[in-house]
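First comes the structure, then the notes that go with it.
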Amino acid sequence: MKSIKKRLVFYFVFIIIITVAILEAVLIINIKQYYYSNLESTLLNQLYTSADFYEKYFSDATLEENVLSNVDAFWNQTTAQVVIIDMNGKVLMDSLGIMSDSTKEMEDVKSALEGQTGKWIGEIDYSTEKVMAISTPLHSRGQQVGVLRFIASLREVNNDIKRIAYIFIAFGVLVTLITGLVSIFLANTITTPLEEITLVAEKMAEGNYHIQTKKRRDDEIGRLSDTLNHMAKEIIKKEQLKNDFISSVSHELRTPLTSIKGWVITLKQDYEDKEILSDGLEIIEKESDRLSLMVEELLDFSKFVSGKITLNIKPVNLIKILEHVKKQLTPRALREKVDFQLNYADNLPLIYSDDNRLKQVLINILDNAFKFTPPNGKILLEAKREGEQIILIVEDTGSGIAPDELPKIKEKFYKGKSSKSHTGIGLSISDEIIKMMGGSLDISSELGKGTTVTIRLPLQEVVR
Ligand code: ADP
C-alpha cells in the first residue's frame, strides 16, 4: 500500500528541492557574472591607463624600440600577463616569455588589430585554469602601432565563486532537510486522524457501532468523523427499529394464530354443535384473512424497500375510487359508531395515476383514522382540485399525535406507543407511493384533538 504520508512528504521535498535548486542556480550565475565583470573592469582600467601612458610618453620611438628599451615603464602596474603585438599580429613581447604565433587568431586580439577593445574568456595550453584576456589598440601620434593584451587567470575568482557556491549548496541541503522534517510533521497531522478514523471504521465494519471517532479539528477529516459517528448512530437506531419490528410482527402474527389454534382445539372436541362449529369456522376464516392481509402487507413492504414496485399508470376516475373506499369502510364506521363522511367536488377530472395504489394509500390512512378515533368521533374524507393539484384530505377527531412523535411517524417501522399501533409500515409505504406519483403526504395533528393527513398530487389531467 502506498501511504498518503509518504506521498505528501515526497511532494513537499520534491517542490522544495526544485525551488531551492532554481534559486541557487540563479544566485550563483549572478555572482559569477558580478565577479567576472569586476575583474574585467579592473583589467580594462589598467589596460587603458597603460595604453594612454604609452601614447603620451613613448610616441617618439617605434614599438619595437620601445619594447626593447622602455618596456617596463608603461605596463608595470598590472599583475596580469602582458603581451605586446605589432600590427602584423606578431608577438613582440610576452611577460611570461610565451611567444605564440597563434595569438593573432584570438578573438580579442583580432578586434584590437581592427581598432576595437576586445575580450575573450577561454582555456590556454599553459594553464589548467581558464583565463580572461583583454586587448586594446596602442597608439602613437594618433596612429595605431600595435596591440596591448592583458591576460588574467580566473583561478582566484573561480575559487571564490566555488566557495560561495558550496555555502549555498550546504544551505540548500539544510533547508531541504528542515522542510523534509516539517513535511513529515505536517503529513502526520493529516494522516494520524485518518488512521484513527480508519481503525474505528474497521471496528464498525465488524459490527461494533457503539465505538465513536474523536473529532480533532473542524475540517474535512472532522466532517468525515462526524459523518461516521452519525452513520453508526443511524445504524444502531435502524437495528433497534428492525428488532422492534420483528418482535411486533411476530406478536401480530401470533394473535390470530392463537385464536385459530384455540378454535381448532375446541372444534376437535365438539364438532357436533352446529352453532359452535359455524362460529368457530367463521372466526378461523376471519383470522386467516387477517393473517394473509398482514403477510400481503409485509411482502409489499419488502418489495418497496428493494425498489421493485412500479406504478401501473392509466386514466383514473377519482370519484370511483372515493366511492369504492367509502363503500368498503361504511360497515366499519357503523360498527365502531364513527361518523364517516365523504366530500368531493364535482369537477374532479380524470387523472393519470395508479388506481390500486391510490386505494391502498387511502385505506391505509383511513385505517389509522379508524383505529385512533373513539366511538362518536368523526372521520372526513375530502377531495378537491386546487389549481394544478389534486388535494385529498383525511381528517379525524381521534387521539392525535404528540409533537415529538409527529416527525417520526412516516419513518419505516416507526409505530406509536399506543396498543392500537400495528407494524409501523403503513404510513411509510403510503408516503413512498405518493412520492413515486410525484406528490406529497403531510400530516398535522394535535394531541387529544385529532389528525389531518393531506395528500397533494400533481394534476396530469386526461384530455377527453
Ligand atoms: P401502524 O401499522 O402502527 O399503524 P403507520 O405507519 O400507519 O403504522 O403509523 C405509524 C404511527 O403513527 C402509528 O403507530 C400511530 O402511533 C401514529 N398514527 C398514524 N395515524 C394516526 C392517526 N390518525 N391518529 C393518531 N395516531 C396516528
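All ligand and atom numbering here is 1-based and tracks the order in the structure.
- Considering backbone and side-chain atoms alike, Glu405 places every N or O at 3.5 Å or more from each N or O of ligand 1.
- Listed by atom number, the atoms of ligand 1 under 4.0 Å from Lys371 heavy atoms are 1 (P), 4 (O).
- A salt bridge links Asp300 with Arg357: the closest approach of a Lys/Arg side-chain nitrogen to an acidic carboxylate oxygen falls below 4.0 angstrom.
- A salt bridge between Arg290 and Glu287 is present, with a side-chain N of the basic residue lying under 4.0 Å from a carboxylate O of the acidic one.
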Give the table of side-chain donor-acceptor pairs shorter than 3.5 Å for residues 431-444, with sequence neighbours excluded, one pair per line with atom names and distance.
from   : atom 1 : to     : atom 2 : distance (Å)
Asp431 : OD2    : Lys435 : NZ     : 3.3
Asp442 : OD2    : Arg456 : NH1    : 3.4

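- Nearest protein neighbour of atom 3 (O) of ligand 1, counting heavy atoms only, is His422 N, 2.7 Å.
- Atom 19 (C) of ligand 1 has as its closest protein heavy atom Asn368 ND2, 3.6 Å.
- Considering only non-hydrogen protein atoms, atom 9 (O) of ligand 1 sits nearest to Leu427 CD1, 3.6 Å.
- Closest protein heavy atom to atom 10 (C) of ligand 1: Tyr414 O, 3.4 Å.
- The protein heavy atom nearest to atom 11 (C) of ligand 1 is Gly416 N, 3.8 Å.
- The nearest heavy-atom contact from the protein to atom 15 (C) of ligand 1 is Phe372 CZ, 3.4 Å.
- Counting heavy atoms under 4.0 Å from ligand 1, residue Asp396 touches it through the side chain alone.
- When non-hydrogen atoms are compared, ligand 1 lies under 4.0 Å from the side chain of Ser399 (C-beta onward) but not from its backbone.
- A salt bridge is absent between Asp219 and Arg216: the closest approach of a Lys/Arg side-chain nitrogen to an acidic carboxylate oxygen does not fall below 4.0 angstrom.
- With respect to atom 8 (O) of ligand 1, the closest heavy atom belonging to the protein is Gly424 CA, 3.1 Å.
- Contact between Gly398 and ligand 1 is absent, with no heavy atom of the residue lying under 4.0 Å from the ligand.
- Residue-level proximity to ligand 1 for Ile401 is carried by the side chain, the only part with a heavy atom below 4.0 angstrom.
- Remark: minimum distance from atom 17 (C) of ligand 1 to any protein heavy atom is reached at Ile409 CG2, 4.1 Å.
- Heavy atoms of Lys410 found under 4.0 angstrom from ligand 1: none, in either backbone or side chain.
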